[in-house]
Amino acid sequence: MLAVAAAASTWTNIAAKLNSCAGDLEAVCSSRLAGQESLAVATFKTLQAGSASHLRMTGQLAGAISGGLTLASVIVRVVHDMVR
């Protein structure tokens, strides 16, 4: 039970880090490259916007895994307590 809860906590941390990385990537593209204009910069910004979007989606998936593990931990605890 505790191992499953610890795994859920780990996935929560992973989700938070992925979302933080996505925000950092968006900030770099919007602030550091704000005054630059060229085909290469536009392509780079588009590519990095897609990467940030994928990081956010992966973060949401990690959050869902955390929620599932938390639910599984609760179910195991309830069944364990009933059997006891």
Side-chain angles (χ1 to χ4, degrees):
M1 290 181 286
L2 295 176
V4 176
S9 177
T10 299
W11 280 104
T12 299
N13 294 339
I14 291 169
K17 185 62 177 178
L18 287 169
N19 287 325
S20 171
C21 288
D24 292 346
L25 186 57
E26 290 170 340
V28 166
C29 287
S30 65
S31 65
R32 290 188 185 171
L33 299 176
Q36 299 180 19
E37 304 244 349
S38 72
L39 181 59
V41 171
T43 303
F44 180 78
K45 286 180 180 180
T46 301
L47 176 68
Q48 296 312 319
S51 295
S53 175
H54 288 112
L55 284 170
R56 287 202 191 284
M57 286 188 288
T58 306
Q60 291 173 348
L61 179 61
I65 291 170
S66 173
L69 287 172
T70 301
L71 180 61
S73 176
V74 169
I75 291 170
V76 168
R77 180 176 293 273
V78 168
V79 170
H80 176 266
D81 291 347
M82 287 175 50
V83 170
R84 254 178 103 189

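Reckoned from all heavy atoms, side chains included, excluding hydrogens, waters and symmetry mates.
- In the hydrophobic clustering of this structure, V74 groups with M82; members are Ile, Leu, Val, Met, Phe, Trp, Tyr whose side-chain heavy atoms approach within less than 4.5 Å, directly or through other members.
- Note on V4 and V79: separate hydrophobic clusters, where clusters join Ile, Leu, Val, Met, Phe, Trp and Tyr whose side-chain heavy atoms are under 4.5 Å apart, directly or indirectly.
- The backbone N or O of L69 sits nowhere less than 3.5 Å from a side-chain atom of S73 that would complete a donor-acceptor pair.
- Proximity of a side-chain donor or acceptor of S9 to a complementary backbone N or O of A5 within less than 3.5 Å is not detected.
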Please tabulate, one pair per line, all N/O donor-acceptor pairs under 3.5 Å involving side-chain atoms of residues 53-63, not counting sequence neighbours.
unit_1	atom_1	unit_2	atom_2	d
H54	ND1	G50	O	2.7
R56	NH2	E26	OE1	2.7
T58	OG1	H54	O	2.8

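- Using a distance-only test at 3.5 Å, with no hydrogens or angles considered, a donor-acceptor pair links the side chain of S51 to the main chain of L47.
- Note that NZ of K17 and CD1 of I14 are 12.0 Å apart. Values are rounded to the nearest 0.5 Å.
- Atom OG1 in T12 sits 10.5 Å away from atom CD1 in I65 (nearest 0.5 Å).
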Pairs of donor and acceptor atoms involving the side chains of residues 37-46, under 3.5 Å and at least two apart or interchain, shall be tabulated with distances.
unit_1	atom_1	unit_2	atom_2	d
S38	OG	A40	N	3.4
S38	OG	V41	N	3.1
T43	OG1	L39	O	2.8
K45	NZ	L33	O	3.1
T46	OG1	A42	O	2.9

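- Summarising the geometry, atom CG belonging to D24 is positioned 11.0 Å from atom CG belonging to N19; distances are rounded to the nearest 0.5 Å.
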